[in-house]
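In listed order, ligands and their atoms are each counted from 1. Bear in mind that the values here come from a model prediction, so they are computed numbers and not experimental data.
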Amino acid sequence: MRSDSDDLGFIHRFVPGRDQTRVPLLLLHGTGGDENDLIPLGQRLSPGAALLSPRGKVLENGMPRFFRREGEGVWDLADFGMRTVELAEFVLRARAAYGIGAPIALGFSNGANIAWSLLADDPTLLAGAILMRAMMPFDPRPLPDLSAKPVLILAGVDDPMVPVDQAALLAALLGEAGAQVTYEVVSGGHGLTGDDLSLAASWLARHG
Ligand code: MLT
């Protein structure tokens, strides 16, 4: 396991791949998480895949996030755009530094939200995305051509933070942009369930 500082612009961890047939994963944590949070999940869902895991730079009451918000579901859209570009630049630098190809983003909550924004900002940056408990609180159109980009969206039917209709809207918009969207609603809330993990693992077995 290798731990890295912020030499590429973000504090992050990188775990080299042991299985070169697996697509690298870009792990994006939720609010209050850090670069360590999703490493075990990545290792479990795609054993042997290279893992790149940055820590969000924005602090909300001391909790790391990937962009600012004014309240629950009220995003600072200027910051959202700027942080998307900044994170995309980090991913490109890390791809060159570690010699990895385009990763699949695996994002939870706030990390899932910046993940779809990365995809929309530059369709070539990512090989696909797993968006766990993502939301779409505004209309991001026009979206670029996301033709055939595989995306798995996992929503919780009783999620008190992300209304299921927002996850459905996200699925519809990404599908409209051409992405190959798989949209699943599991029984559960904002936290991940065993169903999320098995759906993500079987999707990754097909796309990762
Ligand atoms: C967000 O701001 O990205 C969403 O509200 C998810 C969260 O981090 O709680």
Side-chain angles (χ1 to χ4, degrees), residues 10-12 25-42 52-88 90-91 103-122 125-126 128-141 143 151-174 177 179 181 183-193 195-197 199-200:
F10 273 74
I11 295 170
H12 67 280
L25 297 181
L26 172 67
L27 305 174
L28 299 168
H29 63 77
T31 301
D34 67 19
E35 67 279 15
N36 298 306
D37 271 28
L38 297 182
I39 298 267
L41 183 65
L52 177 64
S53 186
R55 183 193 302 181
K57 287 188 180 184
V58 169
L59 288 180
E60 182 183 275
N61 302 319
M63 295 185 295
R65 289 174 50 83
F66 286 98
F67 56 89
R68 274 178 226 293
R69 64 176 169 183
E70 278 139 34
E72 198 71 55
V74 186
W75 298 354
D76 176 336
L77 293 184
D79 189 68
F80 184 56
M82 192 267 279
R83 300 286 173 186
T84 299
V85 171
E86 183 183 52
L87 185 59
F90 162 75
V91 173
I104 289 177
L106 172 66
F108 171 66
S109 191
N110 181 247
N113 293 332
I114 198 83
W116 69 248
S117 186
L118 286 175
L119 203 58
D121 180 61
D122 175 5
L125 185 75
L126 301 175
I130 299 179
L131 308 174
M132 302 179 294
R133 310 299 188 267
M135 63 200 295
M136 177 63 88
F138 67 100
D139 188 340
R141 283 175 287 199
L143 285 170
V151 178
L152 172 63
I153 298 176
L154 294 169
V157 71
D158 297 319
D159 190 335
M161 293 167 83
V162 180
V164 137
D165 52 357
Q166 286 217 10
L169 178 63
L170 176 63
L173 286 170
L174 295 181
V181 178
Y183 173 54
E184 302 277 3
V185 181
V186 304
S187 62
H190 198 65
L192 297 181
T193 68
D195 285 347
D196 288 293
L197 303 194
L199 287 164

Name all residues meeting the side chain to side chain donor-acceptor pair (under 3.5 Å) criterion together with R55; count only those two or more places apart in sequence or in a different chain, and write none if there are none. E35
Give the table of side-chain donor-acceptor pairs shorter than 3.5 Å for residues 132-140, with sequence neighbours excluded, one pair per line with atom names and distance.
residue, atom, partner, partner atom, Å
R133, NE, G189, O, 2.8
R133, NE, H190, O, 3.3
R133, NH1, L154, O, 3.2
R133, NH1, D196, OD1, 3.0
R133, NH2, G189, O, 3.4
R133, NH2, G191, O, 3.1
R133, NH2, D196, OD2, 2.8
D139, OD1, R141, N, 2.9
D139, OD1, R141, NE, 3.0
D139, OD2, R141, NE, 3.3
D139, OD2, R141, NH2, 2.9

Could you pull out every protein residue that has a heavy atom closer than 4.0 Å to ligand 1, ordered by chain and then number? T31, R65, F67, R69, E72, W75, S109, N110, N113, M135, M161
Option from L27, L25, L26 for which side chain to side chain contact (heavy atoms under 4.5 Å, CB included) with P103 holds: L26
How are the rings of F80 and F67 set to each other: parallel, tilted or perpendicular (split at 30° and 60°)? perpendicular
With side chains defined as the heavy atoms from C-beta onward, is the minimum distance between T31 and R69 less than 4.5 Å? yes
Kindly write out the residues that satisfy ring-ring contact (aromatic ring centres under 6.0 Å, His included) with F90, not counting sequence neighbours, or none if the list is empty. F10, H12
